[in-house]
Amino acid sequence: MMSGSFFFDNFGESDSDSDFLGFQSDEDFNPTVESSDSDISDGDTYEEEVEERGGGGDRSDGDAASPWTREISEQVIEDFVLDYGPNLPRNLDVTEISEQVIEDFVLDYGPNLPRNLDVTEATPLKYFSLFFTDEEYVRIAKETNAYAALCRRESGQEDKYWIPTDGEEIKALFGLCILMGVNPMHEYSDYWSGDPFLGASGFQRVMTMNRYEKLCQYLHCNHAAARIDRKDPRYHPVSKVAPTVDMARHNFKKYYTHTRDISIDEAMKGYKGRTELRMYMPNKPEKFGIKFWARCDGRTAYMSDFQLYSGKRDQTPLQKLHGLGYRVVHEMTRDLVGLNHCVYIDRFFSSVTLLEHLLSDHIYACGTMMTNKKDTPPAIKQKKQHLKRLLPQRGDTLSFQKSNITVTAWNDNNIVVVAHSCLPHPSEMVTCERQVGRQKLTVPQPQAISRYNQHMNGVDVHDQLRKKYAASRASKKYWKYILWFVVDCCRVNAWIVYKLASTRQMGRKKRYTQKDFILELGKELVNDFSSRKRAAIRECGSPINIDMLKRKMTHTFERLPGKHRRCKSCYKKERRHETVFGCSTCNAHMCNDCFRQYTQV
């Protein structure tokens, strides 16, 4: 064996480890090996060496022999006799997931169109008028005129630029707003721009920008609610558009019968102004806005009902007892009692109590659920980290049944818990594909989760159709966003019903898209309406027929109401001259010299 002081004798002097100078000479690398009893050439066995060293323990001569031995003998392990696992209530039978009796859905679902609606020739306006009636335009026009008169009385001044409107003009205004959704611009004034690459001649033909501004200024759906104080018990944020909202909700239910599968979820209308209705939801695409509860068909995305969420203002005793989610689903399913529909909801709404009460009304349900909800099975009512220990493999499931309600936990890269009462075989499994790296895996999946993924997205699809061509323009008035939300929902429902029912031939056009539908609808709403009074502006640059005017009219040169306008005669001569005077008979602006020239014999 090497001497213990060999290495220390051959190190150079150093103050630290980093100053190591190495061995002093090459001979230091070939030290003489001292003889030892443990030399492998002596032929001693490992056991003899252990005996010489005292059995392999400490080398102190006074230590006792080690208790360890190399002989491995069998041991006696006593049996574990406790019943391990969850301690569940006696009334919860989980020994076997039994089959359920699901009653058949026998309703004839689909659009309920009037008999006088010819689906072979009906245009988009016919379908849109089912939900937003022509009488509504007349009512809004009356409310708008009444609100304009109310503003004039309160201010004590006359608005010389305001002219009372009518139903046809309001209808054309709505048509322009719908067309703005197809061709959005940063500012509404761009539609009336004189730049040929920016302006829209169709908008300019219908009405002037000043008239559009005045209509938007006084537009109202319920002027009686315009001046109710916020502290008044009669005040409610939705009262300004309540008649229009009630009309739309009634017609949504009237002209369509749901399929068996229905989804209930929340919808948002983006708004960043000041109102008590504004919500902040950081996980949504539109983080600030007005929230609605929506009920849509799980197969066609048709919206049959919606409610405005107004916070604690509409809190009911049912909400205090069971929570907001329970109250929303309960109120939106009262017209479905006894019809054997299946309602799909997310974890915000679902609970075992809700599913039991819906089942007593002959309404089946399916929805994801949070594990901390009341009446959740104890084995599932725990943190997901603990559930992953019970379900280690991807595709593992754990199911519990109480009466006809089944709660299933499934491991799919994360624990998913679903409660359902809509399947005759609650424990039935299907397969789904998952991408893991470059490989595709086939994973077992509960049928309830497969059905949920298939029918839960009705509200989301309707939101996509609504937001793609939204009709609203920026405004400080929150109730206008509610109004345009209703208009957009009517438009989307009209498009869905058109696709389901229409057999109209479109000629050579291969595909009739939602964009084509909206364009045709906007043009029909506008029709040939024009609020412009000056015939010379209808066609830009068209000359005035002086001979016809001389034969049929007596012309008067005087100041015309409104702002300065270009002289029509100078415009034709490519000269720019603005004036407030002109012919009151023709309602055409002219400078003094041009008027004399055209009226001379």
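Note that the numbering runs from 1 along the sequence shown for the chain.
- Under a cut-off of 6.0 angstrom, the local environment of NZ in K468 is sparse, with at most 12 non-hydrogen atoms contributed by other residues, nucleotides or ligands.
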Could you walk me through whether W484 and Y271 pass ring-ring contact (aromatic ring centres under 6.0 Å, His included), step by step? CA-CA 12 Å; W484 295 124; Y271 177 69; over 10 Å; no

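- Contacts of K499 classified as salt bridge (Lys or Arg N to Asp or Glu O under 4.0 Å), with partners at least two apart in sequence or in another chain: none.
- Applying the salt bridge (Lys or Arg N to Asp or Glu O under 4.0 Å) test to residues at least two apart or on different chains, none of the pairs has a partner in residues 339-355.
- Every residue two or more places apart in sequence or in another chain that forms a side-chain hydrogen bond (donor to acceptor under 3.5 Å, both in side chains) with E276 is listed here: R313.
- In this structure the side chain of F288 never reaches within 4.5 angstrom of the side chain of P282, judged on heavy atoms.
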Give the intermediate values and the outcome of side-chain hydrogen bond (donor to acceptor under 3.5 Å, both in side chains) for residues Y498 and Q514. CA-CA 10 Å; Y498 178 89; Q514 184 190 8; over 6 Å; no

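- Annotation: side chain of C296 is not in contact with side chain of Y302 (no heavy-atom distance under 4.5 Å).
- With sequence neighbours left out, the side-chain hydrogen bond (donor to acceptor under 3.5 Å, both in side chains) criterion links S304 to H258, R295.
- Residues Y481 and S475 share a closest heavy-atom pair of OH-N, 3.1 Å.
- Ring-centre distance between F517 and Y127: not below the 6.0 Å cut-off.
- Looking only at side-chain heavy atoms (C-beta outward), Q393 and D396 come within less than 4.5 Å of each other.
- Using the six-membered ring where Trp is involved, H357 and Y326 have ring planes that are perpendicular, over 60° apart on the 30 and 60° scheme.
- Of all heavy-atom pairs spanning V459 and E266, the tightest one is CG1-O, 3.9 Å.
- The shortest distance between side-chain heavy atoms of F306 and V245 falls below 4.5 Å.
- Counting only distance, with no hydrogens or angles, the side chain of T275 and the backbone of L277 share a donor-acceptor pair below 3.5 Å.
- Side-chain N/O atoms of T300 and Y256 include a donor and acceptor closer than 3.5 Å.
- Without hydrogens or angle criteria, N112 side chain to Y255 main chain gives no donor-acceptor distance under 3.5 Å.
- Here side chain to side chain donor-acceptor pair (under 3.5 Å) pairs that include residues 407-417, with residues two or more places apart or in two chains, are R394-D412, S399-T408, D412-R434.
- Annotation: Y109, atom OH; neighbour count of heavy atoms from other residues, nucleotides and ligands within 6.0 Å does not exceed 12.
- Remark: K291 is positioned above the aromatic ring of Y309, its terminal NZ or CZ atom under 6.0 angstrom from the ring centre and at most 45 degrees off the axis.
- The stretch residues 361-374 participates, sequence neighbours left out, in these salt bridge (Lys or Arg N to Asp or Glu O under 4.0 Å) pairs: R334-D361.
- Taking the centre of each ring, H220 and Y147 come in below the 6.0 Å mark.
- With contacts defined as side-chain heavy-atom distances shorter than 4.5 Å, the pair I178/I518 qualifies.
- Across S350 and L354, no two heavy atoms sit closer than the pair CA-CD2, 4.3 Å.
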Give the intermediate values and the outcome of side-chain contact (heavy atoms from CB on, under 4.5 Å) for residues R389 and Q385. CA-CA 7 Å; R389 297 174 186 174; Q385 295 86 337; 5.5 Å; no

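- With sequence neighbours left out, R278 forms a salt bridge (Lys or Arg N to Asp or Glu O under 4.0 Å) with no residue at all.
- The shortest side-chain heavy-atom distance between V343 and I345 falls under the 4.5 Å cut-off.
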Could you walk me through whether M279 and I290 pass the side-chain contact (heavy atoms from CB on, under 4.5 Å) check? CA-CA 6 Å; M279 301 290 297; I290 301 173; over 6 Å; no

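- Between the side chains of D118 and T120, at least one donor N or O lies within less than 3.5 Å of an accepting N or O.
- In terms of heavy atoms, P426 sits closest to P424 at CD-O, 3.4 Å.
- In this structure, the side chain of T144 engages the main chain of I140 through a donor-acceptor pair within 3.5 Å.
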Side-chain atoms of residues 485-496: list all donor-acceptor pairs with protein atoms under 3.5 Å, sequence neighbours left out, distances to 0.1 Å.
unit_1: D488; atom_1: OD1; unit_2: A471; atom_2: N; d: 3.2
unit_1: D488; atom_1: OD1; unit_2: R491; atom_2: NH2; d: 3.3
unit_1: D488; atom_1: OD2; unit_2: A471; atom_2: N; d: 3.4
unit_1: R491; atom_1: NH2; unit_2: R466; atom_2: O; d: 3.2
unit_1: R491; atom_1: NH2; unit_2: Y469; atom_2: O; d: 3.1
unit_1: N493; atom_1: OD1; unit_2: M303; atom_2: N; d: 3.1
unit_1: N493; atom_1: ND2; unit_2: M303; atom_2: O; d: 2.9

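- Distance alone, capped at 3.5 Å, places no donor-acceptor pair between the T397 side chain and the A409 backbone.
- In this structure, V418 and C366 approach most closely via the heavy-atom pair CG2-SG, 4.0 Å.
- Partners of E524 by salt bridge (Lys or Arg N to Asp or Glu O under 4.0 Å), not counting sequence neighbours: none found.
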Determine, step by step, whether Y137 and F132 satisfy the ring-ring contact (aromatic ring centres under 6.0 Å, His included) criterion, reporting the C-alpha distance in whole Å, the side-chain angles of both residues, the deciding distance to 0.1 Å, and the verdict. CA-CA 9 Å; Y137 302 115; F132 206 96; 5.3 Å; yes

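- Here T442 pairs with T431 under the side chain to side chain contact (heavy atoms under 4.5 Å, CB included) rule; sequence neighbours left out.
- Y364 is listed as a side-chain neighbour of E103, based on a closest heavy-atom distance under 4.5 Å.
- Proximity of a side-chain donor or acceptor of H420 to a complementary backbone N or O of V407 within less than 3.5 Å is not detected.
- Using modelled atom types, one side-chain atom of Q435 and one backbone atom of G437 make a donor-acceptor pair closer than 3.5 Å.
- Taking each heavy atom of S351 and M369 in turn, the nearest pair found is CA-SD, 4.0 Å.
- Of the possible donor and acceptor atoms, one in the side chain of T333 sits under 3.5 Å from a partner among the backbone N and O of V329.
- Using modelled atom types and a 3.5 Å distance limit, the side chains of S421 and N404 yield no donor-acceptor pair.
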Compile the donor-acceptor pairs under 3.5 Å between side chains in residues 233-244 and protein atoms, sequence neighbours left out, one pair per line.
unit_1: R234; atom_1: NE; unit_2: D232; atom_2: OD1; d: 3.4
unit_1: R234; atom_1: NH2; unit_2: D232; atom_2: OD2; d: 3.3
unit_1: Y235; atom_1: OH; unit_2: R230; atom_2: NH1; d: 2.9
unit_1: H236; atom_1: ND1; unit_2: V238; atom_2: N; d: 3.2
unit_1: H236; atom_1: NE2; unit_2: D314; atom_2: OD1; d: 3.2
unit_1: H236; atom_1: NE2; unit_2: D314; atom_2: OD2; d: 3.4
unit_1: S239; atom_1: OG; unit_2: H236; atom_2: O; d: 2.7
unit_1: T244; atom_1: OG1; unit_2: E136; atom_2: OE2; d: 2.8
unit_1: T244; atom_1: OG1; unit_2: R139; atom_2: NH2; d: 3.2

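- For D190, the salt bridge (Lys or Arg N to Asp or Glu O under 4.0 Å) test picks out no residue, with sequence neighbours left out.
- The pair K269-E286 does not count as a salt bridge, with every side-chain nitrogen at least 4.0 angstrom from each carboxylate oxygen.
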Run T368 and V417 through side-chain contact (heavy atoms from CB on, under 4.5 Å) and show every step you take. CA-CA 6 Å; T368 55; V417 179; over 6 Å; no

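- Contact check for R473 versus M180: side-chain heavy atoms found under the 4.5 Å cut-off.
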